[in-house]
A.B. asks: 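Would you mind keeping the following structure in view while I ask a few things?
No experiment lies behind these values; they were computed from the predicted model shown.
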Amino acid sequence: MILEIPKNAETILHILENAGYEAYVVGGCVRDSILGRKPDDWDITTSAKPEQVKELFHRTVDTGLQHGTVTVLMEKEGYEVTTYRVDGEYEDGRHPKEVTFTASLEEDLKRRDFTINAMAYNPSGGLVDLFGGLEDIDRKIIRCVGDPLERFTEDALRIMRAVRFSAQLGFSIEEETRKALKVLAPNLKHVSAERIQVELVKLLMSPHPDYLRTAYEAGITAEFLPEFDACMETSQNTPHHCYTVGEHILHSLCYVRADRVLRITMLLHDIGKPVVRKTDENGRDHFKTHGNAGEKMAGQILRRLKFDNDTIRKVTRLVKWHDDRPEGTLKSVRRAVNRIGEDLFPLYLEVQQADMLAQSLYRRGEKQARLDSVRDAYRQIIEEKQCVSLKTLAVTGRDLIENGYRPGREIGEKLEKLLNLVLEDPEKNQKEILLEIIRKDQEKNPA
């Protein structure tokens, strides 16, 4: 098997080999090359010790000398070059107590997480696949190298990584590996929220975000997202739905494009349903106020998982308004854009579409027609540059001050009143018209 590797990576391999050392590209870049995917980076493993690597290359960065890693700079690119190593005992479920360098490529590959990530390659020696990674790629399975219980005990984040790789590649998880996930899922409580967040987002952004179901079935989400487990266990006895809340969420993820904010929003859009569910005397379920409840819960979840403030702001707002259903009139849509936010309204439309497609077929045509009319009205509002917020109101606070209003709360109230007039009738968004309204108002209500 011949893999195409970058010229700079090949140069590094040649320099190391010419100096008498073994050297291979290794791990994810080999896996992705075999799969025909473009690797994000090219990692190199070698029998050379870090100091020997530094002697061979002019420009290096001490990335992680204690773990044997030196970054070699070639032109404007950096390549991590790591000495073959054997990891000592893992004390914290993440870091080995000590790292021992070895001259054996096999020993180095043996410590890696999954067979598909434990292959090495160089142009002169070809592919080194000691654990059946190539066969597992053909069989489309995720399987641990050696004993899965050992691998997951060494670094509990590998539990999340198994599901994430499965979702990214569309692979199933091999039976023994799947059993080990279930046994050791509680160890995730020792993993930092930041690391879990990274894996969760990669899973959500994958071609198969609904593989989060695997994480639920293995008891993984119970450790960092128990609110989702509650959704999986909450039925929806209503003609509008044909799935549990959780299954509806999983289906909705597949109906929205792979945008970070959109996928996180779909994960959390109905997160409030289990806590507000009411069942009437006919046995029908109702979920009134689940948007408001979900907004609060989504904020708590995102902060717990250490998301940035901008993501929290956008997602919680979309969760709050995801079930808002304006009529398809210009006036109604202008008010909805003002309510939801100019920046978020296009995303809100995508959320509504995905939400609807993951429901039952009950009144589907009617629902789609309303959403299409909202979309058409929104398009017209944008094309005609109609005012939907204070940002584009034809008068400002300064204009009001110049017309005799005192700075303070009164100005804000007056601007909101003018904006309401303009939302009703966009033709009124002209400075002269609005100033005339202000003058008339002052005559009626002199200070």
A.B. asks: Strictly below 4.0 Å, N to O, side chains only: are K7 and E75 in salt-bridge contact?
C.D. replies: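 No salt bridge links K7 with E75.
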A.B. asks: If you measure only the distance, is there a donor-acceptor pair under 3.5 Å linking the side chains of D229 and T221?
C.D. replies: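 There is such a pair between these side chains.
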A.B. asks: Please identify which of these residues, E107, R111, K110, meets the side-chain contact (heavy atoms from CB on, under 4.5 Å) condition with T102.
C.D. replies: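 Single pass found, and it is E107.
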A.B. asks: Looking only at the side chains, is there a donor atom on one of T82 and T69 sitting less than 3.5 Å from an acceptor on the other?
C.D. replies: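 T69 and T82 do have a side-chain donor-acceptor pair below 3.5 Å.
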A.B. asks: Would you find a donor on one side and an acceptor on the other, under 3.5 Å apart, between the side chain of D129 and the backbone of L134?
C.D. replies: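 Yes.
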A.B. asks: Salt bridge between R213 and E247, side-chain N to carboxylate O under 4.0 Å?
C.D. replies: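 Looking at R213 and E247, the cut-off is met.
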A.B. asks: Out of curiosity, T311 OG1 to R303 CZ, how far, rounded to the nearest 0.5 Å?
C.D. replies: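 Rounded to the nearest 0.5 Å, the OG1-CZ separation comes out at 13.0 Å.
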A.B. asks: Considering only NZ, NE, NH1 and NH2 on the basic side and carboxylate oxygens on the acidic side, decide whether K54 and E51 come within less than 4.0 Å.
C.D. replies: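 No, no charged N to carboxylate O under 4.0 Å.
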A.B. asks: Backbone N or O of S47 within a donor-acceptor pair of the T83 side chain at under 3.5 Å?
C.D. replies: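 Pair absent, no side-chain N/O of T83 close to backbone of S47.
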A.B. asks: Could D343 and R313 be called an ion pair, given the rule that one side-chain N must be under 4.0 Å from one carboxylate O?
C.D. replies: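 Yes, charged N to carboxylate O under 4.0 Å.
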A.B. asks: Can you tell me how far apart CE (M119) and OH (Y24) are? Round to the nearest 0.5 Å.
C.D. replies: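 So the gap between those two atoms works out to 14.5 Å.
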A.B. asks: Does a side-chain N-to-carboxylate-O contact under 4.0 Å join E199 and R164?
C.D. replies: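 The answer is yes: the pair qualifies as a salt bridge.
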A.B. asks: How far does OH of Y378 sit from CD of Q386, to the nearest 0.5 angstrom?
C.D. replies: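 Result: 12.0 Å between the selected atoms.
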A.B. asks: Any chance you could lay out the ring pair (Phe, Tyr, Trp, His ring centres under 6.0 Å) test for H240 and H248, step after step, and finish with the verdict?
C.D. replies: CA-CA 11 Å; H240 294 282; H248 163 73; over 10 Å; no
A.B. asks: Measuring from atom CZ of F114 to atom CG of D136, what distance do you get when rounded to the nearest 0.5 angstrom?
C.D. replies: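 Nearest 0.5 Å value for the CZ-CG distance: 11.5 Å.
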A.B. asks: How about S235 and N237: does a side-chain donor come under 3.5 Å of a side-chain acceptor?
C.D. replies: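 Distance-only check fails for S235 and N237.
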A.B. asks: Among K367, R370, R363, whose side-chain contact (heavy atoms from CB on, under 4.5 Å) with M356 holds?
C.D. replies: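 With M356 as partner, side-chain contact (heavy atoms from CB on, under 4.5 Å) holds for just one option, K367.
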A.B. asks: Does a salt bridge link K273 with D323, judged by any charged N lying under 4.0 Å from a carboxylate O?
C.D. replies: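 Here K273 does not pair with D323 in a salt bridge, since their nearest N and O are not under 4.0 Å apart.
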